[in-house]
There are 2 protein chains.
Amino acid sequence: MSTTSAAPTRREQILKEAARLFAERGFHGVGVDEIGAAVGISGPGLYRHFAGKDAMLAELLVGISGRLLTGGKLRATEARDGGVVADELLDSLIEGHIDFALDDRPLITLHDRELDRLRDSDRKLVRQLQRQYVELWVEVVREVYPQLTEAVARATVHAVFGLLNSTPHLSRPGPLPGRGAMAGLLHRLARGAFAAAASDGVG
Amino acid sequence: MSTTSAAPTRREQILKEAARLFAERGFHGVGVDEIGAAVGISGPGLYRHFAGKDAMLAELLVGISGRLLTGGKLRATEARDGGVVADELLDSLIEGHIDFALDDRPLITLHDRELDRLRDSDRKLVRQLQRQYVELWVEVVREVYPQLTEAVARATVHAVFGLLNSTPHLSRPGPLPGRGAMAGLLHRLARGAFAAAASDGVG
DNA sequence: AAGCAGTGTTAACGCTCATTAACGTCGTGC
DNA sequence: GCACGACGTTAATGAGCGTTAACACTGCTT
């Protein structure tokens with residue numbers, strides 16, 4: 001009854017617009033009046049739905065990290081139960097992350113940009129979720145490429161995240177690949193990076 | 001006489017600390033008093049050296065984009081004059097970018113985070129410099145991998161930038177690779193990504 | 001019909017913060 | 001020795017903005 005319903009509730013509207021605005025101009029760069037205007041109400045009306053501006057950011061960031069992690073975990077357990085090899089699981093993780101990056105650009109942007117604006121407790125929570133997500137990837141990557149040290153695997157995973165999250169930085173105009181082509185390209189790039197990480201010292 | 005000297009002048013001190021602080025907490029998240037305190041003077045004393053807070057950010061961002069571009073151009077012309085093949089030039093570009101990313105983390109962070117806070121003219125300038133830098137890379141990449149479309153090459157270059165610029169996101173503690181190992185790893189990852197971009201449709 | 005929960009509105013408060021004013025101090029060239 | 005530029009300081013100003021207060025309106029529920 002309280003979690004998710006069909007029609008987008010006002011809260012969800014607000015969160016969506018806030019995410020967009022925060023991503024565009026940064027948390028401090030957006031006023032509550034703007035957020036209100038974006039959903040048709042004005043300024044302090046937001047306080048009927050959220051405790052404050054901080055609360056919106058917190059809910060956004062916790063939500064993002066949470067969704068990423070649970071999505072990843074889901075894919076992992078499905079793969080394990082289905083007896084799928086680690087290599088395919090890695091593909092699945094990549095695909096999930098790409099879907100997220102392409103479909104929720106503003107959130108991806110926020111994700112690594114505004115973390116420091118959170119209250120200590122929220123920031124700790126988000127960081128923990130992020131860390132678990134990274135560790136999930138690291139485990140799978142090391143299963144596929146056993147020769148990688150943990151440190152190298154972790155750095156590589158971070159780098160690949162940077163690669164996959166690069167779509168928001170693409171300049172608006174100009175001929176970009178369509179969504180499908182872009183997803184395919186990013187997937188290939190990520191796999192190429194992992195393969196290169198594993199091929200140590202090859203000249 | 002005016003460009004670079006041995007001892008760090010006060011202006012340079014201020015810029016360096018401002019860059020660090022902006023990167024850590026965002027442009028709006030840092031007060032002028034903090035910047036002043038970081039260099040031992042306080043608050044409005046900064047106005048003897050800069051027209052305002054905006055001016056500091058502008059100088060930082062223009063400086064970054066400019067240095068990246070001139071560095072890249074230099075390597076390119078050196079390579080062409082030396083009769084070096086495009087493949088080695090690409091390595092050189094990657095190496096230069098990695099040096100920058102590893103040695104000037106705060107600046108890299110600012111580079112794609114606070115661009116929107118600039119006055120229109122400054123922002124246009126920075127974007128133009130960035131675009132030229134990207135185009136420089138795209139040309140070289142297409143020389144090495146002629147089968148790539150311009151659109152794909154550009155998207156790939158952006159993605160590789162995201163990969164190379166990922167170092168600031170690495171969590172502080174934990175066993176990271178040292179600087180040399182990190183540089184080597186990033187280089188290999190970037191080359192791996194480019195190679196993967198070029199190997200279309202390969203299963 | 002009364003009452004109340006939900007959802008808005010506008011006006012006011014108070015704090016932060018960039019910027020400016022007004023005022024010192026030190027070192028250097030005449 | 002003294003003017004003056006370079007460099008700082010603290011106090012004041014003024015705008016922006018998050019938040020709260022006080023006050024409607026709407027639509028159920030009894």
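For the numbers below, each heavy atom of this structure counts, side chains included, while hydrogens, waters and symmetry mates do not. Sequence lines set the chain letters: A, B, ... in the order given, protein chains first and strands last, and positions in each chain run from 1.
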Chemist: Would you kindly give the CD1-to-P distance between B:Ile41 and D:dC7, to the nearest whole Å?
Modeler: 10 Å
Chemist: Is there a side-chain contact between A:Leu60 and A:Glu114, using heavy atoms and a 4.5 Å cut-off?
Modeler: no
Chemist: Check this one for me: any side-chain N or O of B:Arg10 less than 4.0 Å away from OP1 or OP2 of D:dA6?
Modeler: no
Chemist: Touch check for A:Gly52, heavy atoms < 4.0 angstrom, all strands: base, sugar-phosphate only, or nothing?
Modeler: sugar-phosphate
Chemist: Would you kindly give the CZ-to-P distance between A:Phe50 and C:dT7, to the nearest whole Å?
Modeler: 12 Å
Chemist: Any side-chain N or O of B:His49 less than 4.0 Å from the OP1 or OP2 oxygen of D:dG8?
Modeler: yes
Chemist: Between C:dT9 atom C1' and A:Leu46 atom CG, what is the distance in whole Å?
Modeler: 13 Å
Chemist: Starting from P on C:dT16, measure out to NE2 on A:His28 and report it in whole angstrom.
Modeler: 13 Å
Chemist: Specify the separation, in whole Å, of atom NZ of B:Lys53 and atom P of D:dG16.
Modeler: 15 Å
Chemist: Check whether the side chain of B:Arg48 and the base of D:dG8 form a donor-acceptor pair under 3.5 Å.
Modeler: yes
Chemist: Give B:Val39 one of three labels, base, sugar-phosphate or nothing, depending on what nucleic acid heavy atoms sit under 4.0 Å from its own.
Modeler: nothing
Chemist: Between B:Met56 (CE) and C:dA18 (C1'), how many Å, whole number?
Modeler: 10 Å
Chemist: I'd like to know whether B:Arg75 forms a salt bridge (charged side-chain N to carboxylate O under 4.0 Å, His left out) with B:Glu78, so could you lay out the CA-CA distance, the side-chain angles of the two residues, the decisive distance to 0.1 Å, and finally the verdict.
Modeler: CA-CA 5 Å; B:Arg75 285 164 189 273; B:Glu78 273 177 2; over 6 Å; no
Chemist: Could you check B:Leu69, B:Leu115, B:Asp112 and say which one makes a side-chain contact (heavy atoms from CB on, under 4.5 Å) with B:Gln130?
Modeler: B:Leu115
Chemist: Provide, to the nearest angstrom, the distance between the CZ atom belonging to A:Arg117 and the P atom belonging to C:dT16.
Modeler: 18 Å
Chemist: For a quick check of understanding: with a heavy-atom distance under 4.0 Å over all strands, which category does B:Gly45 fall into, base, sugar-phosphate or nothing?
Modeler: base
Chemist: Given atom CZ of A:Arg119 and atom C1' of D:dG18, what is their separation to the nearest angstrom?
Modeler: 16 Å
Chemist: How do B:Ser42 and A:Phe27 order along DNA chain D: which one's closest nucleotide is nearer the 5' end?
Modeler: B:Ser42
Chemist: On the six-membered ring of A:Phe50, is A:Arg11 placed so that its NZ or CZ lies under 6.0 angstrom from the centre and within 45° of the ring axis?
Modeler: yes
Chemist: Can you figure out which of C:dA18, D:dG18, C:dA21 approaches the side chain of B:Val32 most closely?
Modeler: C:dA18
Chemist: Is the distance between the ring centroids of B:His97 and B:Phe161 under 6.0 Å?
Modeler: yes
